[in-house]
Undergrad: 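Here's a structure for you.
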2 protein chains.
Amino acid sequence: MKYDSKMCETLLESHGIKPTANRILVVKALAESLRPMSLSELECEILSVDKSSVFRVLTLLREYHLVHVIEDGGDGVRYELCRSTDGHEHDDDQHVHFYCEECHRTFCLTDIPIPTINLPEGYVLENINYMAKGRCPKCAHKKENSW
Amino acid sequence: MKYDSKMCETLLESHGIKPTANRILVVKALAESLRPMSLSELECEILSVDKSSVFRVLTLLREYHLVHVIEDGGDGVRYELCRSTDGHEHDDDQHVHFYCEECHRTFCLTDIPIPTINLPEGYVLENINYMAKGRCPKCAHKKENSW
DNA sequence: CACAGTTTGCAACCCAGTTGCACGGAATCC
DNA sequence: GGATTCCGTGCAACTGGGTTGCAAACTGTG
C-alpha cells in the first residue's frame, strides 16, 4: 500500500484530528512500516520530531482509535495503524503477531485471524493479544547456515 | 493446592537449586498465589526480602526453568511457577491468561489450552503468549451494579 | 579457625516512558 | 488588523521498574 502525506492528512481528518505536521509524519511512518513500531523505532524514524511529541501524538491517535497497541514479547508496546473499517471502537482486524527473538522485530501475520476461545462464566472479553514467538524466516535461515 | 516451606525446599532441590531462605520464600509466594505475580507484587508480599534479592531469585528460577514469565498486557512481566512435568526446557502447561483491565490482575485459565495456528512457511515457533483482556467476573459484576 | 565461594542488602544507576513548563504559531474575537 | 486565547511543540526534568556494583554476612570445607 502506498501512502503519501496527503492521504495521511485526510486519514487524520476523517477521524476528527487536526492534521499537524508532526501527526502526519507519525501516521506516515506507521502506514509505511510493514510492522508495528515501538516508540523508540518511531523516534529513530522521525528524527526531526521530539520524543515527547511522538509520544503525545501516539496517545492522541490511540484515543481516536487510529492506532492500537500490541505487546511485543520484548520490552515495551508497539503501535500499529488500525486498518479496519474506520473509527470503530474495536478493531476488526485483530490478527496474530510474530515476535522474532533474534532480531527483535514484530511481524503482522495479517491473514491469520486470532483463534477464539470460550471464556469461563463471568469474564467479559475486550480484546485478545496473540503473540507467537520464535525466529522469523530470515533469522531462522541465517542460523541454519551458521551451523 | 497447599504448599508449605518444606515442599518448596524440596522443589528447589529437585531442580538443582540450593534452597536458601529467600528462595523458599519466593517460591512459596508464587506457589500460593493463584495468579502470576509481578516483581512488585512479590516485593509487597515478602517485605522482609530486598527488591534486588527477589529479582535475583527470580532470574535464577527462570534459568532453572522453575518459573516462566508471561506478559500481562499492563506494565511489565509476571512470573508463574512452572507446574509442568519438572525440568523441561519448554513448559507443557501453556495456557490462556486473562488480564483484567479494571483491577490489573492476571488470571490463569488453566484448563483452556492455547489454540494453535499454522504459521507461514519459514517461521520457527518457540512459544505462544495468548492474553485475553477485559474484565474479570468480580469487576464485571461490580460495574454492572453501579450502572 | 582460616579461607574461598555464595548469597544478601543497600545504594546507585539506567533508561523508556511520561510530565511540567514556557515558547511559538494558529485560530478567534473584537 | 491587532489583541487574546488556544493548541501543539521542544526541552528538560522527573518517575519508577528493573538492574548492577559492592561490601558485609553467611555457608561450608579443610
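Proteins come first, then strands; the chains are lettered A, B, ... in the order of their sequence lines, and each starts at number 1.
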Undergrad: For the pair made of CG in B:Leu58 and P in D:dT19, what is the distance, rounded to whole Å?
TA: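 Taking atom P of D:dT19 as the reference, CG of B:Leu58 is at 10 Å.
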Undergrad: Using a heavy-atom cut-off of 4.0 Å across all strands, would you classify A:Thr59 as base, sugar-phosphate, or nothing?
TA: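 Counting heavy atoms under 4.0 Å across all strands, no contact is made by A:Thr59.
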Undergrad: For B:Tyr79 and A:Val54, find the nucleotide of DNA chain D closest to each by heavy atoms; which residue's nucleotide sits nearer the 5' end?
TA: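 Looking at the nearest nucleotide for each, A:Val54 comes out on the 5' side.
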Undergrad: In whole angstrom, give the distance that lies between atom NZ of A:Lys18 and atom P of C:dA26.
TA: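 A:Lys18 atom NZ is separated from C:dA26 atom P by 9 Å.
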Undergrad: Select from A:Asn22 and B:Leu39 the residue whose nearest nucleotide in DNA chain D is closer to the 5' end of that strand.
TA: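 It is A:Asn22, whose closest nucleotide lies nearer the 5' terminus.
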Undergrad: Tell me which nucleotide among D:dT20, D:dG10, C:dT18 gets nearest to the side chain of A:Phe55.
TA: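 Per side-chain heavy atoms of A:Phe55, the pick is C:dT18.
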Undergrad: CG of A:Leu12 versus P of D:dG8: gap in Å, rounded?
TA: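 The answer, rounded to whole Å, is 12 Å.
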Undergrad: Of B:Glu80, B:Arg78, B:Lys133, which is the lone residue that meets side chain to side chain donor-acceptor pair (under 3.5 Å) with B:His97?
TA: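 Single pass found, and it is B:Glu80.
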Undergrad: Report the secondary structure of DNA chain C in dot-bracket form, marking unpaired bases with a dot and bases paired to a different strand with |, and treating Watson-Crick or G-U pairs with both distances under 3.5 Å as paired.
TA: ||||||||||||||||||||||||||||||
Undergrad: Could you check whether B:Thr20 gets within reach of a base, just the sugar-phosphate, or nothing at all, counting any heavy atom under 4.0 Å?
TA: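 Since only primed, P, OP1 and OP2 atoms lie under 4.0 Å of B:Thr20, the category is sugar-phosphate.
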Undergrad: B:Leu60 has an atom CG; how far is it from atom C1' of C:dT8, in whole Å?
TA: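 Going from B:Leu60 (CG) to C:dT8 (C1'), I get 13 Å.
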Undergrad: Closest approach to the side chain of A:Val49, judged atom by atom: which nucleotide of D:dG10, D:dT20, C:dT8 is it?
TA: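 Of the candidates, D:dG10 comes closest.
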Undergrad: In a check of side-chain contact (heavy atoms from CB on, under 4.5 Å) between A:Leu11 and each of A:Met7, A:Glu9, A:His15, A:Glu13, which one passes?
TA: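 Looking at A:Met7, A:Glu9, A:His15, A:Glu13, the match for A:Leu11 under the side-chain contact (heavy atoms from CB on, under 4.5 Å) is A:His15.
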Undergrad: Okay, side chain of A:Glu32, backbone of A:Ala29: is any donor-acceptor separation there less than 3.5 Å?
TA: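 No, A:Glu32 side chain to A:Ala29 backbone: no donor-acceptor pair under 3.5 Å.
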Undergrad: Check the distance between C:dT18's P and A:Glu43's CD and give it to me in whole angstrom.
TA: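 One finds 12 Å between P of C:dT18 and CD of A:Glu43, rounded.
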Undergrad: Rounding to an integer number of Å, can you tell me how far B:Lys51 NZ sits from C:dC14 C1'?
TA: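 One finds 11 Å between C1' of C:dC14 and NZ of B:Lys51, rounded.
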Undergrad: Hey, does B:Arg23 reach any base, or is it just sugar-phosphate, or nothing, if we go heavy atoms under 4.0 Å?
TA: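 Sugar-phosphate contact only.
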Undergrad: Would you mind reporting whether A:His95 and A:Thr110 have side-chain heavy atoms less than 4.5 Å apart?
TA: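 They are in contact (side-chain heavy atoms under 4.5 Å apart), so the answer is yes.
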Undergrad: Is there a donor in the side chain of A:Tyr79 and an acceptor in the side chain of A:His68, or the other way round, less than 3.5 Å apart?
TA: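 There is no such pair (donor and acceptor under 3.5 Å, judged by atom type) between the side chains of A:Tyr79 and A:His68.
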Undergrad: So A:Ser38, base contact, sugar-phosphate only, or nothing? Heavy-atom distance under 4.0 Å.
TA: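 No contact.
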Undergrad: Are any of the side-chain heavy atoms of B:Ile24 and B:Pro19 separated by less than 4.5 Å?
TA: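 They are in side-chain contact.
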Undergrad: Rounded off to whole Å, could you give me the CZ-to-P distance for the A:Arg56 and C:dT18 pair?
TA: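 To the nearest whole Å, that distance equals 12 Å.
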Undergrad: Expressed as a whole number of angstroms, how long is the span from A:Ile17:CD1 to C:dA26:C1'?
TA: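 Checked: the CD1 to C1' distance equals 18 Å.
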